[in-house]
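Read the structure below first, then the notes.
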Amino acid sequence: MHSIFLNLLLFFISFQGANSIMSPLFRFCFNHENYSDSSPYATNLNQLFDLLHTKVPLNGFALDSIGQGMDKVNGLALCRGDVNATNCMSCVNDATKKLQERCPKKKGAIVWYDYCLLKYSNEYFFGESDEKNKFYMVNIYDVDDPATFNAKVNELLSGLSYNASQTPMLYAVGELQLEKAKTLYGLAQCTRDLFGPSCKKCLDDAISELPDCCDGKEGGRVVGGSCYVRYELYPIVEA
Ligand SMILES: *[C@@H]1O[C@H](CO)[C@@H](O)[C@H](O)[C@H]1NC(C)=O
Ligand SMILES: *[C@@H]1O[C@H](CO)[C@@H](O)[C@H](O)[C@H]1NC(C)=O
Ligand SMILES: *[C@@H]1O[C@H](CO)[C@@H](O)[C@H](O)[C@H]1NC(C)=O
């Protein structure tokens with residue numbers, strides 16, 4: 001059963017250093033049903049977390065389902081395409097702790113960091129674009145010429161959406177030279193349970209929401225459970 005509510009929030013961040021790379025950006029406890037500590041669901045979830053810890057750092061993505069019927073738990077974790085195994089592992093470890101702390105005993109939850117995301121649910125969700133769990137982050141500073149700037153953002157991110165969908169990693173970064181010696185940086189990424197075309201659709205949908213959050217802003221992100229886009233006037237990933 002799907003919730004009819006879209007989990008949608010908007011955050012304003014004032015500058016690059018506003019949030020530490022190692023702290024969660026946001027999380028949703030999207031299934032409010034509780035499991036009990038002694039239930040098979042609890043055991044399966046712990047086993048799933050262990051598996052993801054082991055598997056995700058190897059190539060930046062893993063998914064698995066543990067258990068049967070009502071006790072089955074499905075989960076995945078993804079590290080950003082440029083993040084190395086060490087940082088990936090520590091991000092997934094932290095994400096596991098944070099979800100148990102912030103969404104205690106909930107049957108479904110998701111948490112995002114700069115470096116990774118982690119999601120689990122009693123409902124099977126692999127291969128489906130998550131249109132429910134989403135948030136925006138936006139730089140408070142305005143650009144001088146919003147119309148021109150927005151068009152550049154769209155051009156860069158649309159190119160990255162295509163490029164990401166063409167690679168096995170479903171990840172792309174790129175840049176675009178602007179006037180006044182400024183450079184626009186962009187990033188696009190999907191969870192790797194999606195196929196190329198659904199990745200592209202997810203990213204294009206996210207790009208189409210930029211006017212709702214980030215119109216004429218120096219930086220912004222549309223972050224979902226299956227994909228996210230981001231642009232800034234500074235490099236997003238280390239070269
Ligand atoms: C789950 O447990 C919490 C805390 O005990 C309670 O407030 C909440 O109503 C429970 N949720 C459901 C759906 O039963
Ligand atoms: C991963 O990157 C961090 C810096 O972010 C670095 O300290 C660490 O040595 C790197 N680990 C590997 C295995 O490359
Ligand atoms: C997409 O990939 C092509 C081929 O590698 C590259 O030339 C192009 O600049 C990329 N697009 C963006 C927006 O980075």
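Indexing begins at 1, ligand by ligand and atom by atom, following the structure's order. Residue numbers run from 1 in the order of the sequence given.
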Open item on the list: Is a donor from one side chain sitting under 3.5 angstrom from an acceptor on the other, for Asn34 and Lys106?
Closed with: yes
- [ ] State, without any angle test, whether Asn122 and Tyr41 hold a side-chain donor-acceptor pair at a distance under 3.5 Å.
- [x]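 Note: Asn122 and Tyr41 side chains miss the donor-acceptor criterion.
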Task: Under the salt bridge (Lys or Arg N to Asp or Glu O under 4.0 Å) test, residues paired with Glu33 that sit two or more places apart - done: Lys107
Taking a 3.5 Å cut-off between nitrogen or oxygen atoms, can you list every pair linking ligand 3 to the protein, with distances?
unit_1   : atom_1 : unit_2 : atom_2 : d
ligand 3 : 2 (O)  : Asn163 : OD1    : 3.3
ligand 3 : 2 (O)  : Asn163 : ND2    : 2.3
ligand 3 : 11 (N) : Asn163 : ND2    : 3.0

- [ ] Working to the nearest 0.5 Å, report the span between CZ of Arg80 and OH of Tyr115.
- [x]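 One gets 6.5 Å once the value is rounded to the nearest 0.5 Å.
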- [ ] Could you say whether the N/O atoms of Tyr115 and ligand 2 ever approach to under 3.5 Å?
- [x] no
Task: Distance-only N or O hit between ligand 2 and Glu238, under 3.5 Å - done: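 Between Glu238 and ligand 2, no N or O pair is found under 3.5 Å apart.
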- [ ] Decide whether the shortest distance between a heavy atom of Lys106 and an atom of ligand 1 is less than 4.0 Å.
- [x] yes
Task: Pair Lys132 + Asp130, salt bridge at N-O below 4.0 Å - done: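 Salt bridge absent between Lys132 and Asp130.
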Open item on the list: Quick one, Cys91 with Cys79, criterion disulfide bond (SG atoms under 2.5 Å apart). Give me CA distance, side-chain angles, the key distance, then yes/no.
Closed with: CA-CA 8 Å; Cys91 189; Cys79 288; 5.7 Å; no
Open item on the list: At less than 4.0 angstrom from any non-hydrogen atom of Thr86, what atoms of ligand 2 do you find?
Closed with: 11 (N), 12 (C), 13 (C)
Open item on the list: For Ala42, give me all partners under side-chain contact (heavy atoms from CB on, under 4.5 Å), at least two apart in sequence or on another chain.
Closed with: Tyr35, Ser39
Open item on the list: Show the atoms of ligand 1 that are less than 4.0 angstrom away from any heavy atom in His32.
Closed with: 11 (N), 12 (C), 13 (C)
Open item on the list: Just to verify, what does Ser165 make a side-chain hydrogen bond (donor to acceptor under 3.5 Å, both in side chains) with, not counting sequence neighbours?
Closed with: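 Applying side-chain hydrogen bond (donor to acceptor under 3.5 Å, both in side chains) to Ser165 gives none.
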